[in-house]
Each structure stands twice: as structure tokens, then as C-alpha cells.
Amino acid sequence: MKLENKVAIVTGSTSGMGRATAVLFAREGARVVVTGRNEERAKAVVDKIRAEGKEAFYVLGDAADLNFCKEIVDKTIEAYGTVDILVNNAGMLSMSPFRM
Ligand SMILES: NC(=O)c1ccc[n+]([C@@H]2O[C@H](COP(=O)([O-])OP(=O)(O)OC[C@H]3O[C@@H](n4cnc5c(N)ncnc54)[C@H](OP(=O)(O)O)[C@@H]3O)[C@@H](O)[C@H]2O)c1
């Protein structure tokens, strides 16, 4: 396993690429901190990781709020003692037709 004993924060991991990253990192041995705003989806990701025998927990909040960002790091250090990897993925992509 490539990430054994590593601690990874993956922001925006309640869906999409962040979710896939969180699940993959856990499979590779990392303890993973899942973040986002939607509790149902956050819990589903953590449940999936734990069902595979790996470790994870979630922290809910708005990534645009600096206090929430500090809370993620504080809770990670409290639970796992360190942060080895940060995947700063939270965000949204908005597409619209080009107009002249
Ligand atoms: N998909 C693409 O083609 C593409 C291309 C270029 C860049 N990106 C970037 O790659 C990242 C992931 O894309 P994706 O397609 O996998 O997106 P996605 O499925 O919509 O997932 C976005 C994630 O970010 C979280 N999130 C969004 N705004 C947040 C906020 N204000 N506070 C906390 N969490 C927030 C969402 O969590 P909640 O819903 O739980 O809040 C969700 O977990 C995004 O930053 C996107 O801009 C995507």
C-alpha cells in the first residue's frame, strides 16, 4: 500500500473526484478526513471507507470559511496527530454557453 500510516485531508470529498480520491487513499492505507457541507453524503463516504476496514471521519462546513479550514486541521491533529497530505479539492465548476 502506497499511503500506509499517512493522514490525508481531502476537501470536497462528499462527491465526485474528492470522493473517489478519499476512497482510493483509504484503500492505499491512509487515514482519511472527509469534508463537505452535505452530512448524508459525508456519512456515506465514511461508511464506505469503514466498511472496507479503513479509517475515516468527516468534518462538515463551508470551505470558504477560514475558521472551518482551521477546524478541519485541528480535528485531524486531535484524531490522528498529524497531517501528511492535503487535497484541496472543494469547489464548484460552473459552465455556461459563450455569448457575443
Ligand atoms: N469535473 C470537472 O470537469 C472539473 C474540471 C476542472 C476543475 N474541477 C474542480 O475539481 C473539483 C471537484 O470537481 P467535481 O466535479 O468532483 O465536483 P463535485 O462532484 O461537484 O464535488 C464538489 C465537492 O466540493 C464540495 N464543496 C463545494 N463547495 C463547497 C464549499 N463551499 N464548502 C465545502 N465543500 C464544498 C462538495 O461538497 P458538499 O456538496 O457536501 O458541500 C463536493 O464534495 C472542484 O473544485 C472543481 O471546480 C472539476
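Order of appearance sets the numbers: ligands from 1, and atoms from 1 within every ligand.
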Atom indices of ligand 1, in the order listed, that fall short of 4.0 Å to a heavy atom of [X]:
| X | answer |
| --- | --- |
| Gly61 | 32 (N), 33 (C) |
| Ser13 | 43 (O) |
| Asn89 | 10 (O), 11 (C), 12 (C), 44 (C), 45 (O) |
| Thr14 | 36 (C), 37 (O), 38 (P), 39 (O), 40 (O), 42 (C), 43 (O) |
| Asp62 | 30 (C), 31 (N), 32 (N) |

Identity of the nearest option to [atom], non-hydrogen atoms only, from [options]:
| atom | options | value |
| --- | --- | --- |
| atom 8 (N) of ligand 1 | Arg41, Met92, Met17 | Met17 |
| atom 24 (O) of ligand 1 | Ala63, Gly12, Ala42 | Gly12 |
| atom 27 (C) of ligand 1 | Gly91, Ala22, Ser94 | Gly91 |
| atom 20 (O) of ligand 1 | Gly16, Ala90, Ser15 | Ser15 |

My question is simple, although I want it checked carefully: is atom 17 (O) of ligand 1 less than 4.0 angstrom from any protein heavy atom?
no
Leu3 side, atom CG; Arg31 side, atom CZ - distance, nearest 0.5 Å
12.0 Å
Hey, could you give me the CD1/OH distance between Ile9 and Tyr80, rounded to the nearest 0.5 Å?
11.0 Å
Heavy-atom side-chain proximity of [X] to [Y] below 4.5 angstrom:
| X | Y | result |
| --- | --- | --- |
| Tyr58 | Glu39 | yes |
| Phe57 | Val32 | no |
| Asp74 | Glu78 | no |
| Ile77 | Val83 | yes |

Thr11 and side-chain contact (heavy atoms from CB on, under 4.5 Å): which partner among Leu86, Val33, Val34?
Leu86
Around [atom], find the nearest protein heavy atom and jot down its residue, atom name and distance.
| atom | value |
| --- | --- |
| atom 34 (N) of ligand 1 | Gly36 CA, 3.8 Å |
| atom 5 (C) of ligand 1 | Leu93 CD2, 3.5 Å |
| atom 28 (N) of ligand 1 | Arg37 NH2, 3.2 Å |

Would you call Glu52 and Arg27 a salt bridge, using N to O less than 4.0 angstrom?
yes
Closest heavy-atom contact between Ala56 and Ile49?
CB-CG2, 3.7 Å
